[in-house]
Amino acid sequence: MGYSVGQVAAFAGVTVRTLHHYDRAGLLSPGDRSPAGYRRYGDADLVRLQQILFYRELGFPLDEIAGILDGPQADAVEHLRSRQRQLHEEIARLRHLAEVAERAIEVQRTGVSMTPEERSDVFGEITFDLSYATEAQLRWQHSPTHGEAMARASGHSKEDWRRLMAEAAAWRGELLAAFDAAEPADGERAMDIAEAHRAHLTRWFTPCPPDVHRRIADDFAADPRAFALVVPASEQRPGLAGYLREAVHANAERPARLRTDTKKDDR
């Protein structure tokens, strides 16, 4: 006699609508009909349904499932191997996303709590891009230098941030003036400005040797989100990030004595 569509739906844990859809798609057509014209499923139909649900659980689309079930066994194995690779890639992606979410939570918790009004007053137009900050956390999570910088940042008071941002604004004014005056990026003035930035990072976050400073400047030139942390969009000029990068690299090549002297002067 076979099984009715309602019985099969209950057996398989699917809806009657799903079985009707499989029938219309030609994926699972019942092998028999009752005298009244109702669908009746036999044992072979139930076996095929089990296979369909197995492949659906693995994420195969219906048209591909039809090709697997109606094709040679070798094709089924190859399809499964391909899906296995995709699943491993998806697992890796999801693990990465979970890690990103964890780092984003850490970033959000870092720093002193401020109201939106206080944050606007302290930071002005400087934008804090959560996606960039999270990527930086992931990239430098094993770096003691980055860990120290984040720890010190989280320990700053509101007044510390006011002083820090005021100092950064004064430095930014010097950078813009030198750039607008077409001072050479490898000239004394531009290198002194680069050194002042290195001293600023050391003073407020973590010791910043020249090689670390070069990597930071490279990031400024490569990623607008990073550069927006030091120069807001309204004050940026075409080529400014590259100019700062070149000045930082030139400063890193200066004798240590000159860098140290500049650092003392800034203090």
Side-chain angles (χ1 to χ4, degrees), residues 100 103-104 106-108 110-111 114 119-141 143 145-146 148-150 152-154 156 160-187 189-254 259 262-263 266:
V100 167
R103 295 292 181 260
E106 292 179 9
V107 169
Q108 287 283 58
T110 298
M114 296 184 190
R119 190 170 294 277
S120 176
D121 179 53
V122 171
F123 293 99
E125 294 184 68
I126 292 295
T127 57
F128 179 80
D129 190 293
L130 180 60
S131 66
Y132 173 76
T134 302
E135 287 175 18
Q137 280 279 76
L138 288 169
R139 189 188 313 165
W140 305 110
Q141 60 183 308
S143 166
T145 299
H146 182 75
E148 180 182 347
M150 295 299 293
R152 288 187 62 188
S154 65
H156 289 336
D160 288 333
W161 280 111
R162 291 183 192 278
R163 291 168 52 211
L164 186 161
M165 295 307 295
E167 183 179 297
W171 170 84
R172 188 164 62 249
E174 292 292 328
L175 172 66
L176 293 172
F179 182 80
D180 290 342
E183 293 280 350
D186 58 353
R189 183 179 178 185
M191 287 191 291
D192 286 349
I193 291 170
E195 179 61 21
H197 182 257
R198 192 172 74 89
H200 172 82
L201 294 177
T202 297
R203 186 156 44 249
W204 290 104
F205 298 104
T206 186
C208 183
D211 61 322
V212 172
H213 201 208
R214 279 195 295 260
R215 289 200 297 271
I216 293 172
D218 290 345
D219 210 16
F220 288 162
D223 195 326
R225 299 171 303 170
F227 193 50
L229 294 172
V230 292
V231 180
S234 63
E235 298 181 26
Q236 292 182 16
R237 281 86 154 138
L240 181 60
Y243 177 84
L244 177 57
R245 177 188 180 279
E246 188 177 343
V248 167
H249 278 255
N251 181 59
E253 298 301 320
R254 285 204 290 182
R259 291 199 303 271
T262 304
K263 181 177 172 183
D266 288 335

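Everything numeric in this text was worked out from a predicted model, so none of it was measured.
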Inset, instruction - State which residues pass side chain to side chain contact (heavy atoms under 4.5 Å, CB included) with D160; sequence neighbours excluded, sorted by chain then number. - result: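 Only H156, S157, R163, W204 meet the side chain to side chain contact (heavy atoms under 4.5 Å, CB included) criterion with D160.
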Legend entry - Set of residues satisfying side chain to side chain contact (heavy atoms under 4.5 Å, CB included) with respect to A182, sequence neighbours excluded: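 Residues passing side chain to side chain contact (heavy atoms under 4.5 Å, CB included) with A182: none at all.
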Legend entry - Minimum side-chain heavy-atom gap F220-V231 below 4.5 Å: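 In short, these two side chains do not touch, never coming nearer than 4.5 Å.
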To the closest 0.5 Å, what do you measure between [atom1] ([X]) and [atom2] ([Y])?
X    : Y    : atom1 : atom2 : value
R237 : L176 : CZ    : CG    : 4.5 Å
N251 : E195 : CG    : CD    : 4.5 Å
R254 : D192 : CZ    : CG    : 5.0 Å
M191 : R198 : CE    : CZ    : 13.0 Å

Residues 239-246, side-chain donor-acceptor partners within the protein, below 3.5 Å, at least two apart:
unit_1	atom_1	unit_2	atom_2	d
Y243	OH	E183	O	2.9
R245	NE	D218	OD1	2.7
R245	NH2	D218	OD1	3.4

Legend entry - Contacts of type ring pair (Phe, Tyr, Trp, His ring centres under 6.0 Å), residue F227, not counting sequence neighbours: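 Per chain and number, F227 pairs via ring pair (Phe, Tyr, Trp, His ring centres under 6.0 Å) with no residue.
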Identify the two heavy atoms, one from [X] and one from [Y], that lie closest to each other, and give their separation to 0.1 Å.
X    : Y    : value
A250 : A185 : CB-O, 4.3 Å
I193 : W171 : O-NE1, 2.8 Å
R214 : A252 : NH1-CB, 3.1 Å

Check: residues 206-213 side-chain donor-acceptor pairs under 3.5 Å, at least two apart:
unit_1	atom_1	unit_2	atom_2	d
T206	OG1	E148	OE1	3.3
H213	NE2	H197	ND1	2.9

Inset, instruction - Tell me, please, which residues at least two apart from E167 pass salt bridge (Lys or Arg N to Asp or Glu O under 4.0 Å). - result: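 Only R203 meet the salt bridge (Lys or Arg N to Asp or Glu O under 4.0 Å) criterion with E167.
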